[in-house]
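Data first, discussion second: the structure below is written as structure tokens.
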Amino acid sequence: DISGLKFDSSIAEVAKEFNCALIISHIRGTPEDMQENIHYNSLISEIRDSLSDSIIKAEKSGVKPYKIIIDPGIGFGKGIRENLLILKKLSEFKVLGKPLMTGTSRKSFIGSILSAEKEDRLEGSLATVCAAVLNGADIVRVHDVKEVCRAVKVIDAIKSV
């Protein structure tokens, strides 16, 4: 749920009913206005607190705690700097005790950094996925599965030494 159960709390009830995993993401605003107000006083803390509230809401709705995955919502109400800071400080979300997912693949902030259209963002996507995995991501959402699997295999080898 991209809204962290803020748009439609019945999503948690559906996850409970079907006993499926629930990915809770952070967004500032709505998809229509999320890029209008990207100011944060304390980015990581604000996102972490919002995700914590969403976790509580999901668990109160009956979603099993081990079925909840969190996503800081890269690109959803964040600018280039905020997206990069989330990647850099991703490990700070581990205190929530949930698997951590990121989705950076082909995002517009990569395009802005590289001056590249969506189809030309592979290298940037690989760099952000590698940074995410090094900084604590358990799950990554990607478009270029083969290339990312190979890059993450190398990252896992580095981490295991």
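Between the side chain of Ser45 and the backbone N or O of Ser42 there is no donor-acceptor pair closer than 3.5 Å. Between the Ser105 side chain and the Val142 main chain, no donor and acceptor come within less than 3.5 Å of each other. No donor-acceptor pair closer than 3.5 Å links the side chain of Ser52 to the backbone N or O of Arg48.
Residues Ile110 and Gly124 share a closest heavy-atom pair of CG2-CA, 3.6 Å. Contact record, Glu59 with Pro65: OE2-CB, 3.3 Å, taken as the closest heavy-atom pair. Closest heavy-atom contact between Ala58 and Ala12: CA-CB, 4.2 Å. Closest heavy-atom contact between Thr102 and Ala137: OG1-CB, 4.2 Å. Here the shortest heavy-atom pairing between Ile70 and Phe93 reads CD1-O, 3.8 Å. Here the shortest heavy-atom pairing between Pro72 and Leu100 reads CD-CD1, 3.9 Å.
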Subject >> Pair Val129-Thr104, side-chain contact (heavy atoms from CB on, under 4.5 Å): steps then yes or no >> reply: CA-CA 7 Å; Val129 167; Thr104 58; 3.9 Å; yes

**OP:** List the steps and the verdict of salt bridge (Lys or Arg N to Asp or Glu O under 4.0 Å) for Asp71 and Lys98.
**Re:** CA-CA 10 Å; Asp71 176 354; Lys98 303 295 180 193; over 6 Å; no

**OP:** Go through the steps to decide whether Leu43 and Glu46 satisfy the test side-chain contact (heavy atoms from CB on, under 4.5 Å), and finish with yes or no.
**Re:** CA-CA 5 Å; Leu43 177 71; Glu46 289 178 46; over 6 Å; no

**OP:** Begin with the C-alpha distance, continue with both residues' side-chain angles, and end with the deciding distance and a verdict on side-chain contact (heavy atoms from CB on, under 4.5 Å) for Asn83 and Leu87.
**Re:** CA-CA 6 Å; Asn83 292 320; Leu87 286 168; 5.7 Å; no

Subject >> Audit row: Asp49, Ile47, side-chain contact (heavy atoms from CB on, under 4.5 Å) steps and yes/no >> reply: CA-CA 5 Å; Asp49 291 348; Ile47 295 171; over 6 Å; no

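Dense packing is recorded around NZ of Lys6, with more than 12 heavy atoms of other residues, nucleotides or ligands lying under 6.0 Å away. Enclosure of atom CD in Glu117 is not indicated, since only 12 or fewer non-hydrogen atoms of other residues, nucleotides or ligands lie within 6.0 angstrom.
Checked by atom type, the side-chain pair His26/Lys78 shows a donor-acceptor distance below 3.5 Å. Between the side chains of Asp33 and Thr30, at least one donor N or O sits under 3.5 Å from an acceptor N or O. At a cut-off of 3.5 Å, with distance as the only test, no side-chain donor of Lys118 or Ser108 sits close to an acceptor on the other residue.
Looking only at side-chain heavy atoms (C-beta outward), Lys107 and Phe76 come within less than 4.5 Å of each other. Side-chain contact between Lys159 and Val133 is present, with at least one heavy-atom pair separated by less than 4.5 Å. Taking 4.5 Å as the limit, every side-chain heavy atom of Met101 sits out of range of all side-chain heavy atoms of Val140. You'll find the side chain of Ile24 reaches within 4.5 Å of the side chain of Leu51, heavy atoms only.
For the atom pair CD (Glu123) and CD1 (Ile113), the distance works out to 13.0 Å, reported to the nearest 0.5 Å. Atom OG of Ser25 and atom CZ of Arg141 lie 9.5 Å apart (nearest 0.5 Å). Residue Leu22 holds its CG atom at 7.0 Å from SG of Cys20, rounded to the nearest 0.5 Å. Here the straight-line distance linking atom OG of Ser115 with atom CG of Asp120 works out to 11.5 Å at 0.5 Å rounding. We find the CG-CD1 distance between Leu84 and Ile74 to be 8.5 Å, quoted to the nearest 0.5 Å. Atom CD1 in Ile2 sits 9.0 Å away from atom CD1 in Ile11 (nearest 0.5 Å).
Under the 4.5 Å side-chain heavy-atom criterion for ILVMFWY residues, a single connected hydrophobic cluster contains both Ile86 and Phe109. By the criterion of side-chain heavy atoms lying less than 4.5 angstrom apart, applied directly or through intervening Ile, Leu, Val, Met, Phe, Trp or Tyr residues, Val152 is not grouped with Ile139; the two fall into different hydrophobic clusters. Linking Ile, Leu, Val, Met, Phe, Trp and Tyr residues whenever their side-chain heavy atoms come within less than 4.5 Å leaves Val95 and Tyr66 in two separate clusters. Under a hydrophobic-cluster definition in which Ile, Leu, Val, Met, Phe, Trp and Tyr are linked whenever side-chain heavy atoms come within less than 4.5 Å, directly or via other members, Ile68 and Leu96 are assigned to the same cluster. When hydrophobic clusters are built by joining Ile, Leu, Val, Met, Phe, Trp and Tyr residues whose side-chain heavy atoms come closer than 4.5 Å, directly or via intermediates, Ile80 is not grouped with Ile38.
The residue from Lys89, Glu82, Lys88 that alone fulfils the side-chain contact (heavy atoms from CB on, under 4.5 Å) condition with Ile44 is Lys89.
Here Asp138 pairs with Lys94 in a salt bridge; the nearest charged N to carboxylate O distance falls below 4.0 Å. With respect to the salt-bridge test (charged N to carboxylate O, under 4.0 angstrom), the residues Arg106 and Asp144 qualify. Glu147 and Lys153 are not joined by a salt bridge, as no carboxylate oxygen comes within less than 4.0 angstrom of a charged side-chain nitrogen.
A cation-pi contact, defined as under 6.0 Å to the ring centre and within 45° of the axis, links Arg28 to Tyr40.
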